[in-house]
Student: 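Take this structure first; my questions come after.
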Amino acid sequence: MAAALPSLLSVKAVSWDTQHRLPYNPQRTKLKKRHNPNSPSSTTTVPPPSAAALTTSPTSLDSSISVLLARNNQIPPQGKLEETYLGYERWLPSPPKVENPRSIYNAASLAYIGDCIYELYARRHFLFPPLNIEEYNDRVMAVVRSEAQDAMLQKLLNENYFSKEERDVLRWGKNIGSAKTRTKKRVGVAVYNRASSLETLVGYLYLTNANRLEEIMLKLGFSCGAAPN
């Protein structure tokens with residue numbers, strides 16, 4: 001038994017990766033690549049709104065978001081959207097079959113799943129063109145912040161885009177009671193509650209009407225089709 005110990009210890013000491021890896025730090029200083037304007041492969045990308053832009057009026061914030069989301073989206077024809085894309089279901093996993101979510105879930109539960117669905121749309125939108133992880137995160141965070149959600153919601157409210165049922169869900173989601181958070185303290189209770197109401201509506205439509213959900217997300221500026229060529 002004693003003779004076998006050195007052999008076991010030597011095996012444990014072996015490692016395929018002996019390099020020390022630094023932990024991920026999203027606040028680290030990023031190295032800027034040299035840009036050659038004469039290079040045929042150079043492309044122009046739209047930087048995410050700055051922190052200062054996110055503290056301005058909803059109108060100017062909505063303009064910044066529109067620039068960030070700008071893409072030649074092809075509006076699908078009115079009617080039922082295609083249930084499959086490239087042979088796959090449009091939504092995986094499929095939502096549970098619930099005829100009346102308000103009779104089962106509270107607004108916070110719908111906002112919980114709506115937050116996830118909303119961010120999935122944002123991540124899918126910025127998936128093309130390919131970027132590094134930090135750039136993906138910067139762009140997604142710029143449109144999933146409470147200030148951005150509030151500005152986008154106000155735009156559709158001003159256009160009277162929502163149905164009576166959807167406005168009722170928005171009012172319901174606006175009254176979510178939650179503990180104090182750093183986000184609520186930073187943006188204020190009113191902005192935070194309006195952003196939560198949008199997430200509630202997204203969660204509600206995810207469970208009841210995915211076609212209408214895609215119409216609203218497309219109206220907000222998110223791409224809902226295939227990747228651009």
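Residue numbers count from 1 along this sequence.
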Student: Answer yes or no: is there a donor N or O on one side and an acceptor on the other, between the side chain of N158 and the main chain of Q154, under 3.5 Å?
Tutor: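 Between the backbone of Q154 and the side chain of N158 there is a qualifying donor-acceptor contact (under 3.5 Å).
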Student: For Y192 and E147: C-alpha separation, side-chain torsions, deciding distance, then whether side-chain contact (heavy atoms from CB on, under 4.5 Å) applies.
Tutor: CA-CA 8 Å; Y192 182 87; E147 304 96 311; over 6 Å; no
Student: Take E199 and Y204 through the side-chain hydrogen bond (donor to acceptor under 3.5 Å, both in side chains) test and state the conclusion after the steps.
Tutor: CA-CA 9 Å; E199 294 176 344; Y204 178 85; over 6 Å; no
Student: For the side chain of Y136 and the backbone of L127, is there at least one donor-acceptor N/O pair under 3.5 Å apart?
Tutor: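 Yes.
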Student: Side-chain heavy atoms under 4.5 angstrom apart, residues restricted to Ile, Leu, Val, Met, Phe, Trp, Tyr: same cluster for Y112 and L198?
Tutor: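 Not linked; separate clusters.
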Student: Between S196 and N193, is the side-chain hydrogen bond (donor to acceptor under 3.5 Å, both in side chains) condition met? List the steps.
Tutor: CA-CA 5 Å; S196 297; N193 288 348; 5.2 Å; no
Student: Treat each ILVMFWY residue as a node, draw an edge where side-chain heavy atoms are under 4.5 Å apart, and state whether I65 and L157 are in one component.
Tutor: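 Yes, it is one cluster - the side chains of I65 and L157 are joined through contacts under 4.5 Å.
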Student: A side-chain contact here means heavy atoms from C-beta on lying under 4.5 Å apart; do F162 and L153 qualify?
Tutor: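 With C-beta onward as the side chain, the pair touches.
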Student: Walk me through it: do D168 and R102 pass the test side-chain contact (heavy atoms from CB on, under 4.5 Å)?
Tutor: CA-CA 11 Å; D168 288 341; R102 296 184 64 172; 4.1 Å; yes
Student: Which heavy atom of Q149 sits nearest a heavy atom of V143, and at what distance?
Tutor: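 That would be CG-O, 4.1 Å.
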Student: Which atom names give the shortest non-hydrogen contact between H125 and G221, and what distance separates them?
Tutor: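 So the minimum-distance heavy-atom pair works out to CE1-O, 3.4 Å.
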Student: Testing the basics here: between R194 and S197, what is the closest heavy-atom pair and its distance to 0.1 Å?
Tutor: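 The pair with the smallest heavy-atom distance is O-OG, 2.5 Å.
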Student: Would you say the side chain of I117 lies within less than 4.5 Å of the side chain of L213, judging by non-hydrogen atoms?
Tutor: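 A side-chain contact exists here, since the closest heavy-atom pair is under 4.5 Å.
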Student: If you compare all heavy atoms of T200 against all heavy atoms of A107, which two are closest, and at what distance to 0.1 Å?
Tutor: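 Nearest pair, atom of T200 first, then A107: OG1-O, 3.6 Å.
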Student: May I ask you to check whether over 12 heavy atoms, not counting those of E159, lie within 6.0 Å of atom CD?
Tutor: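 Enclosed.
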Student: Can you find a pair of side-chain heavy atoms, one from L110 and one from W172, that are under 4.5 Å apart?
Tutor: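 The answer is yes; the side chains approach within 4.5 Å.
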Student: Tell me whether I176 shares a hydrophobic cluster with V189, the cluster being built from Ile, Leu, Val, Met, Phe, Trp, Tyr side chains joined at under 4.5 Å.
Tutor: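 Shared cluster, no.
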Student: Is any side-chain heavy atom of Y118 closer than 4.5 Å to a side-chain heavy atom of M217?
Tutor: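 A side-chain contact under 4.5 Å exists here.
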Student: What pair of heavy atoms forms the shortest contact from T183 to S146, and how long is it?
Tutor: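 Heavy-atom minimum between the residues: CG2-OG, 3.5 Å.
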Student: Starting from the C-alpha separation in whole Å, work towards a yes-or-no answer on side-chain contact (heavy atoms from CB on, under 4.5 Å) for T208 and V98.
Tutor: CA-CA 7 Å; T208 60; V98 181; 6.0 Å; no
Student: How long is the straight-line distance from CG of N137 back to CG of N132, given to the nearest 0.5 Å?
Tutor: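 Atom-to-atom, N132:CG and N137:CG are 9.0 Å apart.
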Student: Kindly indicate whether the side chain of K219, heavy atoms from C-beta on, has any atom under 4.5 Å from the side chain of K155.
Tutor: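 Of all side-chain heavy-atom pairs linking K155 with K219, none is under 4.5 Å.
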Student: Using 30° and 60° as the class limits, which term best fits the ring planes of F222 and Y121: parallel, tilted or perpendicular?
Tutor: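 Tilted: the ring planes of F222 and Y121 meet at 30° to 60°.
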Student: Stepwise, does the side-chain contact (heavy atoms from CB on, under 4.5 Å) test hold for N160 with R167?
Tutor: CA-CA 10 Å; N160 197 27; R167 291 194 299 270; 3.6 Å; yes
Student: List the atom of G114, the atom of V202, and the distance in Å for their closest heavy-atom pair.
Tutor: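 Here G114 and V202 meet closest at O-CG1, 3.6 Å.
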Student: For salt bridge (Lys or Arg N to Asp or Glu O under 4.0 Å), just list the numbers for R123 and E119, CA-CA rounded to whole Å, side-chain angles, deciding distance to a tenth of an Å, and then say yes or no.
Tutor: CA-CA 6 Å; R123 292 192 178 205; E119 183 165 337; 2.9 Å; yes
Student: Side chains of R186 and V191: does their closest heavy-atom pair fall under 4.5 Å?
Tutor: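 Result no, sub-4.5 Å side-chain heavy-atom pair not found.
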Student: To the nearest 0.5 Å, what is the distance between CG on L201 and CZ on R171?
Tutor: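 The distance works out to 12.0 Å.
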